[in-house]
Amino acid sequence: MLVSLTVGKVDAGVTVLLTPDKRLIEFPSILLPPNISSGSIVDITVSQNNEKESLEEQKFRDLQDRIYQSFGASEPASPVLRCRNATQTSVVLEWDPIELATADLISLSLYRNGQKAGNIPRPMQMHSTKISGLAVDTEYTFHLVLRTTAGTRMSEKVTVRTHKMTDLSGITITTGILPGALKENLGKAVERIGAKIADGVRIDTTHFVTTEGRGTAWEKAVENNIPVVRPEWVDACEKNGRILGVTKFYLDAMRPGPPSSETISPPPVPVKDEPPAPSPEAAKTTEATKNGDEVDEPEAEVEQEAEKETEEEPEQKSKTPSQAEEQKMRLEDMEEQKVALRPSTSNHEGDAAETHAGDDGAGRDVGEKPSGTPDGASFQEVEL
């Protein structure tokens, strides 16, 4: 289609064109022929380029396909949950690796009997978990819920029933250091009771059987709180036909434990300022004394008195004089006082003393009071 337009105003960037019906059209000046000025008439041919349109449309569709394949073709997959092992009180669950496609992970949660049991830590690395503390011979239902930025996905529900006490098929044993013959017998016993033997310590390992507490496998079992028992535990379970407790079969159960309180007698508690309990002989002595009988002092009391005297501090003995020295000092004081207080006798008194010397051998007649005091007592008889 050919269109004739009149050039109106020409600017550096935009030129104003006038249509025959006096309409204004702004047209880029760079697209006009050179030497165009106001009043010039230009012919413009307008046509549709179908080939070019097809090429551009194909480019656009290719771009949409690439976007769809990158962000819309794949979606997060629903988790696939299954039971790996079950025992009397625990269940080991495992699932396939999580597929998120182009979405981002929000959380992966485990539900038990329709109630949330908790979130799985590090769900991109962990593909199994162990639930302990379950009831014996009880049915449980588990399922996973995956939450992503592209929506929520839920796994199929898995129903698991814990084993009875007589069902030993859930026991998974990992062996440690064992003699050759003992290890062979252990394998046969495990096969007879229906249990399993794992090559290494895994999440479903229930017991670690060994005779020596050393090695990498033993360290891993201790780190994961797996019971470390002796081979006798398997024999006891087979003999009783049921699973038994492991307390008596721990590897370190044969080691001597700390001494009990019964074997260690507590030290005697010293009793201060309490009179000793009377012995039977002392009780007899007290009873005889009350009745007026003469009883010899028991030897036990004499020994107690001697012990009391020996227990006295040396300082007190050095400060206080002995009994003999004290009596000697008192006698000397009394003699000095008697000499000082004794009156001088006259010749008359001496004659009288000589006259009555032979009557009673004491210098006076029998029945006569001595002179010198109102009551007849002499100074010699006065005790100071």
Side-chain angles (χ1 to χ4, degrees), residues 80-97 110 112 117 120-122 125-140 142 144 158-255:
V80 178
L81 181 67
R82 55 184 172 272
C83 177
R84 180 171 178 175
N85 186 37
T87 64
Q88 281 73 15
T89 58
S90 65
V91 171
V92 177
L93 302 174
E94 64 178 4
W95 54 89
D96 294 339
L110 177 66
R112 181 177 67 185
I120 303 299
R122 298 182 292 109
Q125 290 79 26
M126 292 184 59
H127 304 141
S128 61
T129 185
K130 184 175 182 180
I131 300 96
S132 303
L134 304 179
V136 179
D137 194 18
T138 305
E139 189 174 277
Y140 294 91
F142 301 94
L144 290 173
V158 176
T159 302
V160 183
R161 189 176 191 86
T162 55
H163 293 179
K164 298 180 180 180
M165 297 300 291
T166 55
D167 186 0
L168 304 179
S169 60
I171 298 176
T172 303
I173 294 174
T174 299
T175 58
I177 300 175
L178 293 172
L182 188 59
K183 189 173 184 178
E184 183 179 356
N185 295 334
L186 177 65
K188 295 179 180 179
V190 170
E191 185 178 356
R192 287 194 299 269
I193 65 177
K196 301 180 291 293
I197 294 182
D199 295 335
V201 178
R202 307 182 307 189
I203 189 173
D204 58 340
T205 300
T206 58
H207 298 82
F208 187 84
V209 180
T210 183
T211 55
E212 298 183 20
R214 58 188 178 89
T216 306
W218 172 79
E219 293 177 357
K220 188 174 182 181
V222 173
E223 182 180 357
N224 294 332
N225 295 325
I226 297 175
V228 180
V229 297
R230 303 189 304 274
E232 291 83 351
W233 177 78
V234 180
D235 298 335
C237 291
E238 181 182 6
K239 182 178 179 181
N240 290 271
R242 62 193 300 273
I243 189 169
L244 299 178
V246 297
T247 305
K248 298 180 180 180
F249 300 93
Y250 277 131
L251 181 62
D252 54 354
M254 299 180 64
R255 300 177 182 176

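Note that this is a predicted model, so its numbers are computed, not measured. In this chain, numbering begins with 1 at the start of the sequence shown.
Counting only distance, with no hydrogens or angles, the side chain of Thr175 and the backbone of Val209 share no donor-acceptor pair below 3.5 Å. A donor-acceptor contact shorter than 3.5 Å is absent between the side chain of Gln88 and the backbone of Gly170. Not a single donor-acceptor pair under 3.5 Å links the side chain of Lys130 to the backbone N or O of Asp204.
A 6.0 Å sphere centred on CD of Glu232 holds more than 12 heavy atoms belonging to other residues, nucleotides or ligands. Surrounding CZ of Arg84 are more than 12 heavy atoms belonging to other residues, nucleotides or ligands, all under 6.0 Å away.
Atom CG in Leu81 sits 9.0 Å away from atom CD in Glu94 (nearest 0.5 Å). Note that the CD1 atom of Ile120 and the OG atom of Ser128 stand 9.0 Å from one another [nearest 0.5 Å]. Rounding to the nearest 0.5 Å gives a distance of 12.0 Å between NZ of Lys164 and OG of Ser169.
Side-chain atoms of Tyr140 and Ile131, non-hydrogen and from C-beta on, never get closer than 4.5 Å to each other. Using a 4.5 Å heavy-atom cutoff, the side chains of Val92 and Cys83 are not in contact. For the pair Val136/Thr89, a side-chain contact is recorded, criterion being any heavy-atom separation below 4.5 Å from C-beta on. Looking at Arg230 and Thr211, their side chains never come closer than 4.5 Å, going by heavy atoms from C-beta outward. Put simply, the side chain of Thr174 does not reach to within 4.5 Å of the side chain of Ile197, judged on heavy atoms.
Considering only residues two or more places apart in sequence or on other chains, Asn240 meets the side-chain contact (heavy atoms from CB on, under 4.5 Å) condition with Ala236, Arg242, Leu244. With sequence neighbours left out, the side chain to side chain donor-acceptor pair (under 3.5 Å) criterion links Thr162 to no other residue. With sequence neighbours left out, the side-chain contact (heavy atoms from CB on, under 4.5 Å) criterion links Thr216 to no other residue. Residues passing the ring pair (Phe, Tyr, Trp, His ring centres under 6.0 Å) test with His163: none are found, sequence neighbours excluded.
Sorted by first then second residue, the ring-ring contact (aromatic ring centres under 6.0 Å, His included) pairs that include residues 185-215, not counting sequence neighbours, are His207-Trp233.
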Side-chain donor-acceptor pairs under 3.5 Å in residues 220-228, sequence neighbours left out?
from, atom 1, to, atom 2, distance (Å)
Lys220, NZ, Val201, O, 3.3
Asn224, ND2, Lys220, O, 3.3

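Summarising the geometry of Ala198 relative to Thr205, their closest heavy-atom pair is CB-OG1, 4.5 Å, with the distance given to 0.1 Å. Smallest separation of non-hydrogen atoms from Thr87 and Thr206: CG2-CG2, 3.7 Å.
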